[in-house]
> 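Dumping the structure here so I can ask a few things about it.
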Amino acid sequence: MTKTAKSRTVSPVEQMPLNRVLVGDSIALMNSLPPEFVDAVFADPPYNLQLGGDLLRPDNSKVDGVDNDWDKFTNFAAYDKFTHDWLKAARRILKPDGSLWVIGSYHNIFRVGASLQDLGFWILNDIVWRKSNPMPNFRGKRFTNAHETLIWAGRDQKSR
């Protein structure tokens with residue numbers, strides 16, 4: 001606790017930054033916040049795309065896909081641990097009636113959904129974001145990925 005100019009005691013929660021984007025390790029930042037501090041969490045976590053080599057267009061030009069280290073995991077167990085850790089941190093900082101929104105693709109959203117349920121989140125709904133301009137299906141081995149899924153969850157079953 002600190003004192004203001006008028007000698008009013010200010011709680012640590014009142015000292016927290018508001019209306020600011022905090023840049024850094026998401027898990028560490030969430031763990032630094034007080035419990036039950038936020039009304040909502042919106043997450044766009046790594047998709048664990050599992051790209052195997054370069055993705056080339058029919059003219060052999062390279063697609064600038066996501067191949068950064070932050071989206072690379074050694075296996076599904078490592079991705080699941082990361083997902084569990086950030087969801088656990090998010091659940092801790094959510095107020096009792098708080099909600100979480102998380103977006104993903106077929107690469108990760110089902111694993112995220114299972115972790116949400118394992119941690120006690122209550123899935124309220126899913127929303128399909130239809131992409132009107134999706135990445136073309138260059139390799140011809142799958143259907144074109146023309147949507148992503150957004151999961152809306154409450155902190156627990158009693159959340160309103």
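We count residues from 1, following the sequence as given.
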> With rounding to the nearest 0.5 Å, note down the distance linking CZ in Phe42 to CH2 in Trp101.
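Spacing of CZ (Phe42) from CH2 (Trp101) equals 8.5 Å.
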> Could you give the distance from NE2 (His84) to CZ (Arg111), rounded to the nearest 0.5 Å?
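Rounded to the nearest 0.5 Å, the NE2-CZ separation comes to 14.0 Å.
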> Would you mind writing out the side-chain donor-acceptor pairs for residues 22-33 within the sub-3.5 Å range, not counting sequence neighbours?
residue	atom	partner	partner atom	Å
Asp25	OD1	Ile27	N	3.0
Asp25	OD1	Ala28	N	2.8
Asn31	ND2	Ile27	O	3.3
Ser32	OG	Leu29	O	2.6

> According to side chain to side chain donor-acceptor pair (under 3.5 Å), who are the partners of Lys88, at least two apart in sequence or on a separate chain?
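Applying side chain to side chain donor-acceptor pair (under 3.5 Å) to Lys88 gives none.
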> Would you call the rings of Tyr79 and Phe73 parallel, tilted or perpendicular if under 30° counts as parallel and over 60° as perpendicular?
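Plane angle over 60°, so perpendicular.
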> Between CG of Leu124 and CG of Leu100, what distance do you get to the nearest 0.5 Å?
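Going from CG on Leu124 over to CG on Leu100, the span is 10.0 Å.
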> May I ask you to test the Asn108-Pro45 pair for a side-chain heavy-atom distance under 4.5 Å?
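In short, these two side chains touch, coming nearer than 4.5 Å.
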> How long is the gap from CZ on Phe121 to CG on Asp156, to the nearest 0.5 Å?
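Taking CZ in Phe121 and CG in Asp156, the distance rounds to 9.5 Å.
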> Using 0.5 Å steps for rounding, measure from the CG atom of Leu116 to the CG atom of Leu87.
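Answer for the CG-CG pair, Leu116 versus Leu87, is 5.0 Å.
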> For a 4.5 angstrom cut-off between non-hydrogen side-chain atoms, does Ile123 reach Trp152?
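No, every pair of side-chain atoms sits at 4.5 Å or beyond.
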> Between Glu148 and Arg130, is there a salt bridge with N-O shorter than 4.0 Å?
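Salt bridge: no.
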> Does any pair with a residue in residues 114-125 pass side-chain hydrogen bond (donor to acceptor under 3.5 Å, both in side chains), and if so which ones, sequence neighbours excluded?
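Non-adjacent pairs meeting side-chain hydrogen bond (donor to acceptor under 3.5 Å, both in side chains): zero.
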> Under 4.0 Å between a side-chain nitrogen and a carboxylate oxygen: does that hold for Asp97 and Arg155?
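Answer for the salt bridge query: no.
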